[in-house]
Each structure stands twice: as C-alpha cells, then as structure tokens.
Trainee: 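Sending over a structure as structure tokens; questions will come in a sec.
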Amino acid sequence: MKGLAFTPIRAKKDIDTCNEIQNYTHLCNLLEMPVRKIQKNFRNVTGIAASSKAVGPAEFESTLERDFLALLDFSPDVARYEVQPVRIEWSDGTKKGARRYTPDVLVEFVPELQRRPWLCEVKYRADLARDWATLHPKLRRGVRYAKQHGWRFRLITEVEVRTQRLTNIRFLAPFGRRSIPQEDIEAVLAAIAACRRASKTTQRCALNFTQAL
C-alpha cells in the first residue's frame, strides 16, 4: 500500500514473536460499530476523526491512532476500515477468568489489489517496551486470530506513521474541504502539464548539448 509499508517492531528479546506478528491478515465481515466504546479520558487524546472510509465512527484514543487513520483515509489502496472491529476472548487456565483483547483497526483494501486485510495494533514504541509483559500474550492471540481468518496482523508504531507522507496529508487535508471552481482546477492541471513538457524539452536540449561536445 502506498505510503504504508510497515517494518517489523523489535521489543526486548521477543524478536521471533514480533516477526511472527508481522506476517499475518484477510477479509472479514465488518461490524457496524466498534465492539468496545472508546471512553473520554484526560491521559490520552480521544475523539472521532472525519472519515469517508470508516465503517462506523472513526474513534481514536491517541494522536498516533488519529494519524494512522489519516493515512488510511488518504491511501488509494484502502477501501474501508473499522476501528476496534473484534473482541478476542480466551482463558489462560488461571482463576482470573476470560481474558480479552480488542485490536485497534481492521483495514480492507480495494478488490483489484487482491490483498488480505490487516488487523492492526497501534502503539508507541515506548509503550511496547514498557508494557511488553502485558501486551505479549494479547499480541500472540491477535496473531493467532488473524491467521485463523486468513488476515495479516500488523504492529503499527510512530516510526511507520510519523512520516513525510503524513506531513503532506496534514498540509493538503484543508484543501479537500474547500469548494474550488472547476476552471481553477483545470488551469492548475494545465500549468503542471506545461511544466512537465518544458522539463522534458530542457532534458533533451541538455542531452543534445552533451552529445555535441
């Protein structure tokens, strides 16, 4: 996916688990609403992002999640996505009862790409390192759940999200909400095409000049 090629995360010494986590995901029946309602809090930034691709409200619990949703909205490879689409439950054999894990985002791609959807967990790297003992069993369950459904499981961190592409999106996003006259759009496109033609002409002249030496 353009601008969304994520690299494996490395957390402490669980390199094999992290590599495994990066290698799974596929199609699912999306629900209409997130399975876990995001509560307002004062520790993290919460809200609902404006989105044309979200199934249900595009809620986020951190600025990192918000920025990842912006990347999804602007990617031509993404057909739609859903925030907190499934709740995974299991028992670890202790008296603590059922354990639960809700991944952050399910991403479905446009059909012509024939790509398996991603089940994503969005975390800061510092949080992964700090909370690895707690997160490790949840992520392993996420890997297993994704594999069972033919999906791929992805860990998304600020390294993959906070990129030049995100900076470009932040700059361009306000223009998408403006009403621009069609004649202005055509004038800009014509100017860009003229610049490209001029650039090719300049390159040909430079090549001819070099060959003449």
Side-chain angles (χ1 to χ4, degrees), residues 1-11 18 21-25 28 30-87 101-110 113 115-132 134-135 138-139 142-143 146 151-178:
M1 181 167 60
K2 300 176 182 176
L4 292 176
F6 300 113
T7 55
I9 187 71
R10 300 288 186 267
C18 289
I21 285 170
Q22 285 294 332
N23 292 326
Y24 303 114
T25 319
C28 76
L30 295 174
L31 304 176
E32 291 301 323
M33 296 291 288
V35 298
R36 177 168 64 88
K37 185 176 181 180
I38 295 177
Q39 302 295 329
K40 292 183 178 180
N41 66 78
F42 298 98
R43 184 172 180 272
N44 295 318
V45 177
T46 61
I48 301 177
S51 173
S52 60
K53 296 183 178 181
V55 177
E59 298 181 286
F60 56 85
E61 294 181 305
S62 69
T63 58
L64 186 62
E65 290 183 13
R66 178 200 63 196
D67 292 343
F68 179 57
L69 298 184
L71 289 177
L72 297 179
D73 256 299
F74 270 76
S75 173
D77 293 347
V78 174
R80 60 180 182 172
Y81 65 86
E82 185 177 7
V83 174
Q84 298 187 347
V86 296
R87 179 186 291 115
Y101 166 54
T102 305
D104 291 319
V105 188
L106 178 68
V107 182
E108 186 175 353
F109 300 100
V110 293
L113 292 179
R115 296 184 63 178
R116 294 178 294 170
W118 291 357
L119 188 62
C120 302
E121 179 65 27
V122 184
K123 281 283 186 292
Y124 288 101
R125 289 199 167 203
D127 291 344
L128 282 171
R130 184 192 64 216
D131 302 327
W132 185 247
T134 301
L135 292 172
K138 294 181 179 181
L139 298 179
V143 169
W151 307 341
R152 301 191 68 188
F153 190 90
R154 292 285 185 173
L155 273 172
I156 311 298
T157 73
E158 69 273 18
V159 173
E160 293 79 27
V161 174
R162 302 280 168 77
T163 61
Q164 183 60 47
R165 181 176 179 82
L166 179 63
T167 301
N168 296 342
I169 288 173
R170 287 173 173 170
F171 173 77
L172 294 172
F175 295 97
R177 296 188 288 270
R178 295 182 182 179

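What you see is a predicted model, and the numbers here were worked out from it, not measured in a lab. Note that the numbering runs from 1 along the sequence shown for the chain.
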Trainee: Evaluate the criterion side-chain hydrogen bond (donor to acceptor under 3.5 Å, both in side chains) for residue pair Thr63 and Arg162; output intermediate values, then yes/no.
Mentor: CA-CA 10 Å; Thr63 58; Arg162 302 280 168 77; 3.2 Å; yes
Trainee: What I want to check is whether the side chains of Thr167 and Gln164 have a donor and an acceptor closer together than 3.5 Å.
Mentor: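 Gln164 and Thr167 do not have a side-chain donor-acceptor pair below 3.5 Å.
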Trainee: Return the set of residues passing side chain to side chain contact (heavy atoms under 4.5 Å, CB included) with Lys53 (not counting sequence neighbours), or none when no residue passes.
Mentor: Ser51, Asp73, Val78, Tyr81
Trainee: Quick check: closest heavy atoms across Gly142 and Leu119, and the distance to 0.1 Å?
Mentor: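 Heavy-atom minimum between the residues: O-CD2, 4.3 Å.
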Trainee: Shortest non-hydrogen contact from Val161 to Asp67?
Mentor: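 Closest pair (atom of Val161, atom of Asp67, distance): CG1-CB, 3.6 Å.
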Trainee: Just jot down the side-chain hydrogen bond (donor to acceptor under 3.5 Å, both in side chains) partners of Asp131, sequence neighbours excluded, or say none.
Mentor: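 Applying side-chain hydrogen bond (donor to acceptor under 3.5 Å, both in side chains) to Asp131 gives none.
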Trainee: Could you tell me the separation between the OG1 atom of Thr157 and the CG atom of Asp127, rounded to the nearest 0.5 Å?
Mentor: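 That separation rounds to 11.0 Å.
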Trainee: In terms of side-chain heavy atoms, does Thr46 have a donor or acceptor partner in Arg66 at a distance below 3.5 Å?
Mentor: no
Trainee: In the structure I gave you, are the side-chain heavy atoms of Cys120 and Leu106 within less than 4.5 Å of one another anywhere?
Mentor: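 Not touching, per the 4.5 Å side-chain cut-off.
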Trainee: Going from CG on Leu139 to OH on Tyr101, what distance comes out if it is rounded to the nearest 0.5 angstrom?
Mentor: 5.0 Å
Trainee: State, yes or no, whether a side-chain contact exists between Phe60 and Asp104 at a heavy-atom distance under 4.5 Å.
Mentor: no
Trainee: Mind checking the CZ-OG spacing from Arg80 to Ser52? Nearest 0.5 Å is all I need.
Mentor: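 Between Arg80 CZ and Ser52 OG, I get 13.5 Å after rounding to 0.5 Å.
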Trainee: Could you tell me the separation between the CZ atom of Arg154 and the CH2 atom of Trp118, rounded to the nearest 0.5 Å?
Mentor: 5.0 Å
Trainee: Return the minimal non-hydrogen interatomic distance between Ala173 and Phe74, and the atom names on each side.
Mentor: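 Looking at all heavy atoms of both residues, the closest pair is CA-CZ, 3.9 Å.
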Trainee: Using a 4.5 Å cut-off on heavy atoms from C-beta on, say whether the side chain of Arg165 contacts that of Arg170.
Mentor: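 No - every pair of side-chain heavy atoms lies 4.5 Å or more apart.
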Trainee: Using a 4.5 Å cut-off on heavy atoms from C-beta on, say whether the side chain of Val83 contacts that of Leu69.
Mentor: yes
Trainee: Just verifying a value: how many Å separate Leu155 CG and Glu160 CD, rounded to the nearest 0.5 Å?
Mentor: 8.5 Å
Trainee: In Å and rounded to the nearest 0.5 Å, what is the CD1 to CZ distance from Ile156 to Phe68?
Mentor: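 Those atoms lie 4.5 Å apart.
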Trainee: Can you sort out the partners of Lys123 under salt bridge (charged side-chain N to carboxylate O under 4.0 Å, His left out), two or more places apart, ordered by chain and number?
Mentor: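 Once residues adjacent in sequence are excluded, the partners of Lys123 under the salt bridge (charged side-chain N to carboxylate O under 4.0 Å, His left out) criterion are Glu121.
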